[in-house]
Amino acid sequence: MNGSKGMLPPMHTVETLAEQLTALGLGAGDHVLMRASLRRLGMVEGGRAGALIGAALRVVGPAGTVAALAFRPMVPFPRRMKTADTGPYSSGGIANALAGWPGAALSAHPSCAWAAVGGGAAALVAGHDARSACFHPVGALLTLGGKLVNVGNVADSPGFSTVHHVQSELGLSRRNLLAGHIGLRTPSGAFASHDFPGCSKGFVKFYGAYVSAGVLRAGPVGDAYAIAAAASDLVAVERPIIAADPRFPLCDDPGCMHCRGLVTYNKRDWPAFWARWAWRKVRRR
Ligand SMILES: [Zn+2]
């Protein structure tokens, strides 16, 4: 509340959002994976998803790329699913808006697809299908010298997708009781994923290391708090930390099935987690 009657909150536009993205370090020719909590943008002329994507495309220009995660949720034992998941993507309004953008490229991975628009879109989604790792396109983003930007999801869905890529490269995404047994039903049949990126709530723990390394840019985009960094800078910080301690990216929630009960590099938490889980099952009967 600003007190003055009739005063409207600031209305953001494609132009003002583009200025803010430029201040975050994005520029012409950049290839950018963008994640966003759109509701935190505030009032945006013409709609939040379209304006944010339009602003990012304006900043990176025709040679650059804007990409988003166009995910569908995976469930254990997908062969038991009765119907194919063909609804909207679960990874937010930006995924659905970008996937429907004119000229958008969409990778063929059944659950962890990327949507991309721009000069590097084809290179980003190339080879990302049912046989490749969920976060395979991060490798292409690194090759292209790309960047990542999180708009408003700094706490809601913390961290950067580069962590999942490093986990995959170190073989950690397969070290999970559900790997090979989790997926979804597609119109062409059941898909079971051999890697399971899993919980990312603990990725918040990397923020201090990014800041110490001086690789993070932060600032407002709309009303939202946003952070951005080069993919290669993020991986340079993350890789030695995860290689030294694979448990570092796990969250602290004692009830998190992924972090406490499924990953085989954290067996020390299994007895407490599964005892609690079994006790709850028994009590519910
Ligand atoms: Zn967790």
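Both ligands and their constituent atoms are indexed starting at 1 by order of listing. This structure is a prediction, so every number in the text was calculated from the model and none was measured.
Protein N/O/S atoms nearer than 2.8 Å to the Zn ion (ligand 1) total 4.
Listed by first and then second residue, the salt bridge (charged side-chain N to carboxylate O under 4.0 Å, His left out) pairs that reach into residues 230-244 are E169-R239, sequence neighbours excluded. Residue pairs that meet the ring-ring contact (aromatic ring centres under 6.0 Å, His included) test with at least one member in residues 54-74, sequence neighbours left out, are F71-F135.
No close placement of the H181 and F196 rings is indicated, their centers lying 6.0 Å or farther apart.
Side-chain contact between P249 and F206: present, with at least one pair of heavy atoms (C-beta onward) separated by less than 4.5 Å.
Within the model, atoms CG of L33 and OG of S161 stand 5.0 Å from one another, a figure rounded to the nearest 0.5 Å.
Y225 is linked by a ring pair (Phe, Tyr, Trp, His ring centres under 6.0 Å) to nothing, counting only residues two or more places apart in sequence or in another chain.
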